[in-house]
Q: 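One structure follows; several queries about it will come next.
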Amino acid sequence: MTNYTNLKNPIFCLLLLFTWATNAQEAVDYVNPLVGTDSKPSMSNGNTYPAIAMPWGMNFWTPQTGKMGDGWAYTYSADKLRGFKQTHQPSPWMNDYGQFAIMPLTGKLRFTEDDRASWYSHKSEIVKPHYYSVYLADHDITTEITPTERAAMFRITFPENENSHVVLDALDKGSYVKIIPSERKIIGYTTKNSGGVPENFKNYFVMVFNKDFESTKTFSGEQLLEGLEIETDHAGCHSKL
């Protein structure tokens, strides 16, 4: 062990401490949520996802590169995002429960997970435990997320265009969606799970927008429907803003 009392240059020691003090950061700034996301299931490599959440938060949020039901929801090597998912997943091997996804887009109406997917680059991605931002190149949209204890706030920056949309995908295994245009609100539930939940398990959600809906549609699986309410195996909705 070094005996710092024997240092011959106390001035240098003082300068070193001063430098550290001026570069001090918050503890959260040292966290990189992308660590472990270069996953390879066959080798059990990585197996993490970037969790955007408050400590002990009720829900986590993560960008979603994997398809519905894929325990590896986000893999660093992927180049497309299919949505932004509320997740409670403890590990990819155990998979998720009570999850649903949100995806903003522009252009023609697209709602299935492959059609709505957008190319993105890690160069345009900011990933912190308390903040996530990414540029969706195919839609020219920047999406930002910051978590609260029981929810999250999204800021979606659309380009000037006549076709800005948000898709809510409540996923399969039984889900429900209701659009309330007068309140700029979408409510519903998802029962998507991988076991280990009660028979009457439901994860309820409420989405509130700061803009009116120009038009709305619901969908069941890959079938687009009219109406403001749907309960089916795989429910979702599309809202034009």
Side-chain angles (χ1 to χ4, degrees), residues 1-7 9-41 43-66 70-79 81-104 120-136 141-157 194 196 203 205-208 210:
M1 179 179 295
T2 303
N3 184 353
Y4 290 102
T5 61
N6 293 329
L7 288 174
N9 192 347
I11 295 177
F12 173 77
C13 184
L14 176 62
L15 289 174
L16 180 63
L17 291 173
F18 181 76
T19 301
W20 276 101
T22 57
N23 288 327
Q25 293 179 290
E26 297 289 338
V28 72
D29 294 326
Y30 292 97
V31 180
N32 181 0
L34 292 177
V35 170
T37 61
D38 189 16
S39 302
K40 188 175 182 181
M43 298 294 291
S44 192
N45 182 67
N47 301 334
T48 71
Y49 60 88
I52 315 304
M54 296 283 287
W56 308 108
M58 183 177 181
N59 309 297
F60 288 12
W61 288 86
T62 188
Q64 179 187 358
T65 63
D70 187 347
W72 285 263
Y74 178 100
T75 52
Y76 191 83
S77 59
D79 56 13
L81 290 179
R82 292 182 165 85
F84 302 93
K85 189 174 77 162
Q86 181 187 281
T87 176
H88 304 93
Q89 180 168 293
S91 80
W93 304 107
M94 297 172 69
N95 214 310
D96 209 344
Y97 68 97
Q99 67 267 42
F100 64 92
I102 299 166
M103 184 64 174
Y120 81 107
S121 169
H122 296 299
K123 294 179 180 179
S124 63
E125 188 182 38
I126 301 172
V127 190
K128 299 179 181 294
H130 58 290
Y131 175 78
Y132 179 84
S133 175
V134 69
Y135 176 69
L136 302 172
I141 292 172
T142 298
T143 300
E144 300 168 273
I145 308 170
T146 190
T148 68
E149 185 178 357
R150 294 180 176 271
M153 294 184 67
F154 280 70
R155 180 164 61 185
I156 301 170
T157 304
S194 302
N203 179 34
F205 54 79
V206 177
M207 295 174 56
V208 180
N210 69 341

Q: What pairs with F60 under ring-ring contact (aromatic ring centres under 6.0 Å, His included), at least two apart in sequence or on another chain?
A: none
Q: Nearest 0.5 angstrom please: Q89 CD to N95 CG, how far?
A: 5.0 Å
Q: Search all heavy atoms of P63 against all heavy atoms of F84 and return the closest pair with its distance.
A: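 In terms of heavy atoms, the two residues are closest at CA-CD2, 4.0 Å.
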Q: How long is the span from the OG1 atom in T143 to the OH atom in Y132, to the nearest 0.5 Å?
A: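 Between atom OG1 of T143 and atom OH of Y132 there are 8.5 Å.
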Q: Side chain to side chain donor-acceptor pair (under 3.5 Å) with Q86: which residues, sequence neighbours excluded?
A: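 Counting only residues at least two positions away or on another chain, Q86 forms a side chain to side chain donor-acceptor pair (under 3.5 Å) with N59.
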Q: Taking T75's backbone N and O only, do any of them form a donor-acceptor pair with T65's side chain (distance below 3.5 Å, no angle check)?
A: yes
Q: Taking side chain to side chain contact (heavy atoms under 4.5 Å, CB included) as the definition, give me every residue that meets it alongside N32, ordered by chain and number, with sequence neighbours left out.
A: L34, V35
Q: Does N45 have any side chain to side chain contact (heavy atoms under 4.5 Å, CB included) partners at least two apart in sequence or in another chain, and if so, which?
A: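 N45: side chain to side chain contact (heavy atoms under 4.5 Å, CB included) contacts with K40, M43.
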Q: For W61, enumerate each residue passing the side chain to side chain donor-acceptor pair (under 3.5 Å) test, keeping only those at least two apart in sequence or located in another chain.
A: none
Q: Holding to ring-ring contact (aromatic ring centres under 6.0 Å, His included), I want the full list of residues that pass it with H88, two or more places apart in sequence or in another chain.
A: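 Only Y97 meet the ring-ring contact (aromatic ring centres under 6.0 Å, His included) criterion with H88.
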Q: Locate the shortest heavy-atom distance separating P104 from I141; write the atom from each residue and the value.
A: C-CD1, 3.8 Å
Q: Taking side chain to side chain donor-acceptor pair (under 3.5 Å) as the test, write out the residues that go with N203, two or more places apart.
A: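 In terms of side chain to side chain donor-acceptor pair (under 3.5 Å), with neighbours along the sequence ignored, N203 is linked to no residue.
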Q: If you compare all heavy atoms of G66 against all heavy atoms of D70, which two are closest, and at what distance to 0.1 Å?
A: CA-OD2, 4.0 Å
Q: Provide the full list of salt bridge (charged side-chain N to carboxylate O under 4.0 Å, His left out) pairs with a residue in residues 86-103, sequence neighbours left out, each pair given once.
A: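 Residue pairs passing salt bridge (charged side-chain N to carboxylate O under 4.0 Å, His left out), neighbours aside: K85-D96.
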Q: In Å, rounded to the nearest 0.5 Å, how long is the span from NZ of K128 to CD of E26?
A: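 Nearest 0.5 Å value for the NZ-CD distance: 11.5 Å.
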Q: Using a 6.0 Å cut-off, check whether atom OH of Y135 has over 12 heavy atoms from anything other than its own residue.
A: yes
Q: List in chain and number order the residues that pass side chain to side chain contact (heavy atoms under 4.5 Å, CB included) with T48, two or more places apart in sequence or in another chain; answer none if no residue qualifies.
A: T37
Q: Using the test side chain to side chain donor-acceptor pair (under 3.5 Å), find all partners of Y49 that sit at least two apart in sequence or belong to another chain.
A: none
Q: To check you understand the geometry: which heavy-atom pair defines the closest contact between I52 and Y131, and what is its length?
A: CG2-N, 4.0 Å
Q: Given side-chain contact (heavy atoms from CB on, under 4.5 Å), test V127 with H122 step by step and report yes or no.
A: CA-CA 9 Å; V127 190; H122 296 299; over 6 Å; no
Q: Can you give me every donor-acceptor pair (side chain of residues 146-154, partner residue at least two apart or in another chain, under 3.5 Å) with its distance?
A:
from: T146; atom 1: OG1; to: H130; atom 2: O; distance (Å): 2.8
from: T148; atom 1: OG1; to: A151; atom 2: N; distance (Å): 2.9
from: T148; atom 1: OG1; to: A151; atom 2: O; distance (Å): 3.2

Q: Tell me the closest heavy-atom pair linking P92 and N47, and the distance in Å.
A: CD-O, 3.2 Å
Q: For residues L136 and M103, determine if any side-chain heavy atom of one lies less than 4.5 Å from a side-chain heavy atom of the other.
A: yes
Q: Could you list the residues that satisfy side chain to side chain contact (heavy atoms under 4.5 Å, CB included) with S91, not counting sequence neighbours?
A: W93, M94
